[in-house]
There are 2 protein chains.
Amino acid sequence: MANSKSRKEILFQEAAKLFREKDYQAANLRELAKRVGIQGGSLYYHFASKQELLFQLMNTIMDQMISGLAAELGTSDDPLTQLRSFFRFHIRFTVCGSDLVYISDDELRHLEPENYQQIIAKRDSYQQLVEQLLKNGQKLGWQVEDYKLLSRIAIQMGTGVLGWYRQDGTLSIEEIADRYSQFYYCGLQPGSKGLTAD
Amino acid sequence: MANSKSRKEILFQEAAKLFREKDYQAANLRELAKRVGIQGGSLYYHFASKQELLFQLMNTIMDQMISGLAAELGTSDDPLTQLRSFFRFHIRFTVCGSDLVYISDDELRHLEPENYQQIIAKRDSYQQLVEQLLKNGQKLGWQVEDYKLLSRIAIQMGTGVLGWYRQDGTLSIEEIADRYSQFYYCGLQPGSKGLTAD
DNA sequence: GTCTATAACTAGATAGAC
DNA sequence: GTCTATCTAGTTATAGAC
């Protein structure tokens, strides 16, 4: 099972890498073909169009993120543990990927309308997992009035790591994730001083 | 002075909008010409290449962000006030722009190497303004060991608003900014419970 | 499943007239 | 400063052979 990837799987993986490197528009199918080791025209045996390729990739990525995060969160009932699990999972997936590589939210705009709707719906599902985590924490006294805003902040923070993370940096992904979750958790504590409303 | 924009200024403004809407690669110069009201070929009187156009835009945007933020931060000596100013400024600029519209960090990869270096340098200068703010706060007892990480988090949080903000939403930009700064500030407090290191 | 060849189109950039 | 016309190169996608 270890190395039994079909050419189609390899193709999808390379496509994800290429889209992430270059961006959907800039990525060129001849280059993709070259990386996979076939000719440009042969690609169309595997998919109908570049657009379909992007859509299928983002779809698969979202599925992996949703099921992956759900599985992580399921390993504990403690919201605080879940919060840390979220940051670890999200940052790891965003920066390293699993089978596939995370493709920037920025590429959403390159999806045709109906494809766009479907991906957005899955992105919402993912966000709802985080919202639920926060609601669970609320029962423990976490300060979570606006759970939508807070879940967005968590996701943004995690995704943002992609912008600066380097393998040779001083912090491992787990260390980054733990600092992020610690910082984030502090923001949920009641009785914060300062910055009372105007 | 109110409406005396030269064609060149209009052109740059429309180009920024177009790049933000469509992305550098997807943006098409004939479309740009159409929006400005001239023919495609005429554009090249104003700039030498599409790449130069992107570079000049990002350069101007970074200059505006740096000088704009520096000015905001200069209006107070209190780090907490400055923190709120940062979020207000950054979110406002990112979401609404000023003369120009914020172009995503994602477009950085479309800059040729030497242009890239220059923009990255300015992005660092911007970040350093935030780092300085945090260091000032440290003297007041803020928990700021890793000011680089923390400044990145602040900037990421702010920029992330662009991904979901809608004009018809319930929160104004100032309200969002204030919630963000409040949340962020809480994370800087000493004596946070929970999440002690593994 | 993959190859070769090519159609159909798009987009950046140039040249010279006005 | 802008127009028209055009060059050139690159890209997605198709068709039919193997």
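Throughout, a chain's letter reflects where its sequence line sits, starting with A, and its residues are numbered from 1. Note: hydrogens, waters and symmetry copies are ignored here, and every other heavy atom, side chains too, is used.
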Can you run down the ring pair (Phe, Tyr, Trp, His ring centres under 6.0 Å) pairs that involve residues 127-166 of chain A, sequence neighbours left out, and say none if there aren't any?
Trp142(A)-Tyr185(A)

If you check every side-chain atom of [X], which of [options] has the closest atom?
X        : options                  : result
His46(B) : dT2(C), dA13(C), dT2(D)  : dT2(D)
Ile38(B) : dA13(C), dT11(D), dC3(D) : dC3(D)
Ser42(A) : dT2(D), dT11(D), dC3(C)  : dC3(C)
Gln39(B) : dC3(D), dA13(C), dT2(D)  : dC3(D)

Within a strict 4.5 Å, meaning less than it, do heavy atoms of the Phe93(B) and Ile61(B) side chains meet?
yes

With respect to the phosphate group of dT2(D), does any side-chain polar atom (N or O) of Tyr45(B) fall under 4.0 Å of OP1 or OP2?
no

Pair Asn59(B)-Gln118(B), side-chain hydrogen bond (donor to acceptor under 3.5 Å, both in side chains): steps then yes or no:
CA-CA 8 Å; Asn59(B) 213 20; Gln118(B) 287 189 56; 5.0 Å; no

Measure the distance from [atom1] on [X] to [atom2] on [N] and round it to the nearest whole Å.
X        : N       : atom1 : atom2 : value
Phe19(A) : dT11(D) : CZ    : P     : 13 Å
Gln25(B) : dT10(C) : CD    : P     : 17 Å
Phe47(A) : dG1(C)  : CZ    : P     : 15 Å
Leu43(A) : dA15(D) : CG    : P     : 16 Å
Glu9(A)  : dG1(C)  : CD    : P     : 12 Å
Lys34(A) : dT2(C)  : NZ    : C1'   : 18 Å
Lys50(B) : dA9(D)  : NZ    : P     : 18 Å
Asn28(B) : dG10(D) : CG    : P     : 18 Å

Salt bridge or not between Glu175(A) and Arg84(A)? Use side-chain N to carboxylate O under 4.0 Å.
no

Take atom CG in Asp124(B); do more than 12 heavy atoms of anything else shown fall under 6.0 Å from it?
yes

Could a donor-acceptor pair under 3.5 angstrom be found where the side chain of Arg30(A) meets the base of dG10(D)?
no

Take Ala26(A) and Ala48(A), find for each the nucleotide of DNA chain D with the closest heavy atom, and name the residue whose nucleotide sits nearer the 5' end.
Ala26(A)

By the 4.0 Å heavy-atom rule, please label Ala27(A) as base, sugar-phosphate, or nothing.
sugar-phosphate

